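Presented below is the structure to which this report refers.
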Amino acid sequence: MKKVLLIIFIALGLVGCSPTTPKVTFASENTISLQYSAFDYGPTVTAEAIDMAIKHCAKYNKGMRLISSNAASVYSTEEIHTFMCE
């Protein structure tokens with residue numbers, strides 16, 4: 001019984017470490033900001049966020065450049081990443 005509880009506890013802990021899907025918090029022809037929870041307390045740009053930014057900028061025939069990455073709070077894994085289309 002103890003082994004089963006330990007396995008459940010570990011599985012729930014691993015699920016909490018997976019990143020959430022990025023949400024667009026702002027978008028224009030020149031920029032896009034994405035917010036999501038990631039892996040750690042420091043900013044971590046996920047491949048999914050980079051792909052979303054590339055696709056957004058490509059709609060305007062522009063390339064993408066990351067201009068800022070910030071933790072939304074010291075006590076959470078929420079992050080905000082802003083990309084410039086140029």
Side-chain angles (χ1 to χ4, degrees):
M1 182 66 175
K2 288 182 182 181
K3 288 183 181 182
V4 172
L5 290 174
L6 180 61
I7 291 170
I8 292 171
F9 180 74
I10 290 171
L12 290 175
L14 292 175
V15 168
C17 293
S18 61
T20 59
T21 302
K23 292 182 285 186
V24 177
T25 57
F26 179 80
S28 72
E29 183 179 340
N30 299 313
T31 188
I32 183 169
S33 291
L34 303 170
Q35 183 172 353
Y36 56 91
S37 292
F39 307 105
D40 204 352
Y41 290 103
T44 307
V45 183
T46 63
E48 185 177 8
I50 292 169
D51 287 345
M52 287 177 72
I54 289 170
K55 287 177 186 174
H56 171 78
C57 294
K59 290 189 294 189
Y60 303 101
N61 295 318
K62 296 182 178 183
M64 174 277 298
R65 181 170 58 104
L66 177 66
I67 58 171
S68 70
S69 294
N70 299 304
S73 167
V74 177
Y75 303 107
S76 77
T77 58
E78 283 285 316
E79 303 177 3
I80 301 169
H81 301 281
T82 304
F83 301 86
M84 180 180 285
C85 300
E86 50 186 21

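Quantities reported herein were computed from a predicted structural model and do not represent experimental measurements. Each residue takes its place number in the sequence, starting with 1. Just so you know, these numbers use all the heavy atoms, side chains as well, and skip hydrogens, waters and symmetry mates.
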Do side-chain atoms of S33 reach the backbone of T25 as a donor and acceptor pair under 3.5 angstrom?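 Not a single qualifying donor-acceptor pair exists.
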
Under 3.5 Å donor-acceptor, T20 side chain and S37 backbone: yes

How would you list, by chain and number, every residue that makes a ring pair (Phe, Tyr, Trp, His ring centres under 6.0 Å) with Y60, sequence neighbours excluded? H56

Please identify each residue that fulfils side chain to side chain donor-acceptor pair (under 3.5 Å) with S69, with sequence neighbours left out. H81

Does T31 have any side chain to side chain donor-acceptor pair (under 3.5 Å) partners at least two apart in sequence or in another chain, and if so, which?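 Checked T31 against side chain to side chain donor-acceptor pair (under 3.5 Å); zero matches.
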
Contacts of E29 that satisfy salt bridge (Lys or Arg N to Asp or Glu O under 4.0 Å) - sequence neighbours left out: K62

For the atom pair OG1 (T82) and CZ (R65), what is the distance rounded to the nearest 0.5 Å? 12.0 Å

Show which residues join Y36 in its hydrophobic cluster (side-chain heavy-atom contacts under 4.5 Å, direct or indirect), or state none. V24, I32, L34, V45, I50, M52, I54, M64, L66, F83

